[in-house]
Q: 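Questions regarding the structure given below will be posed in turn.
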There are 2 protein chains.
Amino acid sequence: MMNDEGSTGGPLFTELENTDLANRIANQVLMAIGDGRLRPGEKVGEARLARELGTSRAPVREALRLLESQGLIVTHPRRGFFVHAYEADELDEIYDLRECLELHAAGAAVERMTEADLDQLSGQVALMKRLAHEGQLGEQVEQDYAFHRMLCELGGNMRIVRLFDQIATQLRAGIALLGRVYDDPRELARAHDPLIEALAARDAERLRTELREHLEDARIHVVQLYRGNAG
Amino acid sequence: MMNDEGSTGGPLFTELENTDLANRIANQVLMAIGDGRLRPGEKVGEARLARELGTSRAPVREALRLLESQGLIVTHPRRGFFVHAYEADELDEIYDLRECLELHAAGAAVERMTEADLDQLSGQVALMKRLAHEGQLGEQVEQDYAFHRMLCELGGNMRIVRLFDQIATQLRAGIALLGRVYDDPRELARAHDPLIEALAARDAERLRTELREHLEDARIHVVQLYRGNAG
DNA sequence: AGTTGCAAGATTGTCGACAGTTTTTGGATT
DNA sequence: AATCCAAAAACTGTCGACAATCTTGCAACT
């Protein structure tokens, strides 16, 4: 009941982009938020977006509603859509939720994972270290999310995985304008070593403790930085 | 940072129902699912629904997309919307998630709640007992949700509360066709006494233990019944 | 000076329509 | 009788349009 995707490595076929117009628009908006072209709090007029994209307003509306349901866009009725401007308190809440979910999943993962899963996890950490060395900061952060996502997946509850994805999206958006978060990139990768150890020992309690500490560090790090930068 | 609503009792103004058409439609559909007029797996054609409601398809689409984001409707691209037919495994997942969230919130609630909050919680249980005596079964279940929602609220993380609401909605929909769940209605109300005791003692660990047991009971109860009836 | 009222302009909520696709209908064939 | 294929019907995805509402700018007023 896990993610057996074919045999070994990456996907066999490049996912043919048959996606619906609304989804493509949602991705565009998502990227625009990610790289700062759309600032927090900024208004996202559907008419304007439709003009710029050369589509009608209907799919734009759907896209924005989708992003609304994921927490990236807020709407004031009769006034339109706006990029959600995350407050520090909200990031705090998000991390609290993440901790709750991830600890739960991790506890289940310890019992459910195979040796192969364990190898994959530690391979992931190795990858992060390599990326840190090469200075690939953005990619490293992305692989960090991937690591934690795997952990959630191994917990076996797909709903939790989906929530993790939502949280990751929100964090990416919230942290976007923060620039780099860690002073030393290698710190981030190394912080995962204790987790791997606990996993290898299949020690649920220790894993939960380490993971809590790990996430708590990230939380205060980000929230503090955020309070300093944005308010 | 809690729900201080004005001074004392109820709301000062009756919330003027300016809800937009899409939301009203979403509620209609929700109720239709709730009372079985829309069966799990059944197709919900937007054109047909629009005709029956006397509106255009645009707000119907938005309503269905909203319900999709809440997990009650699934959509197969180019084929339309369908009422999500919950599998027993999914209810299991949902309860797992609920347990995760509620235990987390409850832990925080023990430290944050005031005496007044505690009174309100035990008042809620008293209300449930009264309803059980009067045979108001549906209302009792609704107040059960309200009790657990309060507990989540006291945890202080609004995101968790919103997730609880979603879960409650899904459970209502999933359990709708199950008919009555408990043999003796009073059993449900009484099951909350240990929770109140632990709360009154402000004993987080004991509360978590009792709550876990409470939810675990509900889970196996529902899932078993569901496997027997439908799954 | 600051507030209130009003007109112009822009934007949202909703509608009906069209093209392409899926499902259904109904007949022809084995 | 069951299966297969083609025409028809129904439906979704998308579009452009209109009315109601909101915002903006300006003038009148306290």
Side-chain angles (χ1 to χ4, degrees), chain A residues 13-33 37-85, chain B residues 13-33 37-85:
Chain A
F13 294 95
T14 123
E15 187 167 325
L16 47 95
E17 50 159 321
N18 201 357
T19 84
D20 182 328
L21 195 39
N23 282 55
R24 270 179 285 169
I25 294 176
N27 279 344
Q28 290 273 333
V29 175
L30 201 59
M31 292 202 288
I33 293 176
R37 262 153 43 226
L38 279 174
R39 301 285 198 70
E42 191 172 338
K43 166 154 192 175
V44 187
E46 39 182 273
R48 179 180 167 189
L49 233 181
R51 268 197 305 274
E52 290 189 18
L53 292 170
T55 78
S56 90
R57 277 172 44 215
V60 171
R61 249 178 112 74
E62 275 192 30
L64 292 174
R65 277 262 141 82
L66 178 65
L67 294 177
E68 183 194 4
S69 79
Q70 302 199 350
L72 293 162
I73 295 280
V74 285
T75 137
H76 301 221
R78 284 270 172 211
R79 306 215 11 224
F81 298 90
F82 301 79
V83 179
H84 187 160
Chain B
F13 294 93
T14 123
E15 189 166 322
L16 44 95
E17 48 157 321
N18 202 358
T19 84
D20 82 35
L21 198 38
N23 280 57
R24 269 179 287 169
I25 295 176
N27 279 345
Q28 291 272 334
V29 175
L30 203 58
M31 291 201 288
I33 294 176
R37 261 153 43 222
L38 280 173
R39 300 284 201 71
E42 189 173 339
K43 166 152 191 178
V44 187
E46 38 182 273
R48 178 180 168 188
L49 197 56
R51 268 197 304 273
E52 290 190 18
L53 291 170
T55 78
S56 89
R57 279 172 44 216
V60 171
R61 245 178 116 75
E62 275 192 29
L64 292 175
R65 278 259 140 83
L66 178 65
L67 294 178
E68 182 194 5
S69 79
Q70 302 198 350
L72 292 160
I73 296 280
V74 285
T75 138
H76 301 222
R78 282 267 169 215
R79 308 215 12 223
F81 299 89
F82 301 80
V83 179
H84 187 159

Q: Consider the side chain of A:Lys43, meaning its heavy atoms from C-beta on, and name the nucleotide among D:dT14, C:dT11, C:dT23 that approaches it most closely.
A: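 In terms of side-chain proximity for A:Lys43, the closest of D:dT14, C:dT11, C:dT23 is C:dT11.
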Q: Phosphate oxygens OP1/OP2 of D:dC15: is one of them under 4.0 Å from a side-chain N or O of A:Ser56?
A: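 A:Ser56 to D:dC15 OP1/OP2: side-chain N or O found under 4.0 Å.
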Q: Whole-Å distance between D:dT12 C1' and B:Leu49 CG?
A: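 Taking atom C1' of D:dT12 as the reference, CG of B:Leu49 is at 14 Å.
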Q: What is the separation between atom CG on A:Asp20 and atom C1' on D:dT14, rounded to the nearest whole Å?
A: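 About 10 Å, once rounded to whole Å.
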Q: How long is the line joining CD of B:Glu46 and P of C:dC15, in whole Å?
A: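 Value for this atom pair: 14 Å.
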Q: Salt bridge or not between A:Arg65 and A:Glu62? Use side-chain N to carboxylate O under 4.0 Å.
A: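 A salt bridge is absent here (no side-chain N lies under 4.0 Å from a carboxylate O).
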Q: Over how many whole Å does the gap from B:Leu53 atom CG to C:dG13 atom C1' extend?
A: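 In whole Å, C:dG13 C1' and B:Leu53 CG are 16 Å from each other.
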Q: Distance check, rounded to the nearest 0.5 Å: A:Gln28 atom CD versus A:Glu52 atom CD?
A: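 Taking CD in A:Gln28 and CD in A:Glu52, the distance rounds to 10.5 Å.
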Q: Look up atom CD1 in B:Ile73 and atom CG in B:Leu38, then write down how far apart they are to the nearest 0.5 Å.
A: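 Separation between the atoms: 7.0 Å.
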Q: Applying side chain to side chain contact (heavy atoms under 4.5 Å, CB included), run through A:Leu49 and A:Glu46 and close with a yes or a no.
A: CA-CA 5 Å; A:Leu49 233 181; A:Glu46 39 182 273; 5.6 Å; no
Q: Whole angstroms only, please: what is the CG-C1' distance between B:Leu21 and C:dT12?
A: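 The distance from CG of B:Leu21 to C1' of C:dT12 comes to 13 Å, rounded to the nearest Å.
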Q: Closer to the 5' end of DNA chain D via nearest nucleotide, is it A:Pro77 or B:Arg51?
A: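 Result: B:Arg51.
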Q: Does D:dC11 have its OP1 or OP2 closer than 4.0 Å to a side-chain nitrogen or oxygen of B:Arg78?
A: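 Answer is no, no contact under 4.0 Å.
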Q: Between A:Glu42 (CD) and C:dT11 (C1'), how many Å, whole number?
A: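 So the CD-C1' distance, A:Glu42 to C:dT11, works out to 16 Å.
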Q: Quick one: pull up NZ in A:Lys43 and CZ in A:Phe82 and give me the separation to the nearest 0.5 Å.
A: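 A:Lys43 atom NZ to A:Phe82 atom CZ measures 5.0 Å (nearest 0.5 Å).
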Q: Measuring from atom CG of A:Asn23 to atom CG of A:Leu30, what distance do you get when rounded to the nearest 0.5 angstrom?
A: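 So the CG of A:Asn23 and the CG of A:Leu30 are separated by 11.0 Å.
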Q: Among residues 57-74 of chain B, which contact DNA chain C at a heavy-atom distance under 4.0 Å?
A: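 Within this stretch, B:Arg57, B:Ala58, B:Pro59 sit under 4.0 Å of the strand.
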Q: Whole-Å distance between D:dT14 P and A:Asn23 CG?
A: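 Taking CG of A:Asn23 and P of D:dT14, I get 9 Å after rounding.
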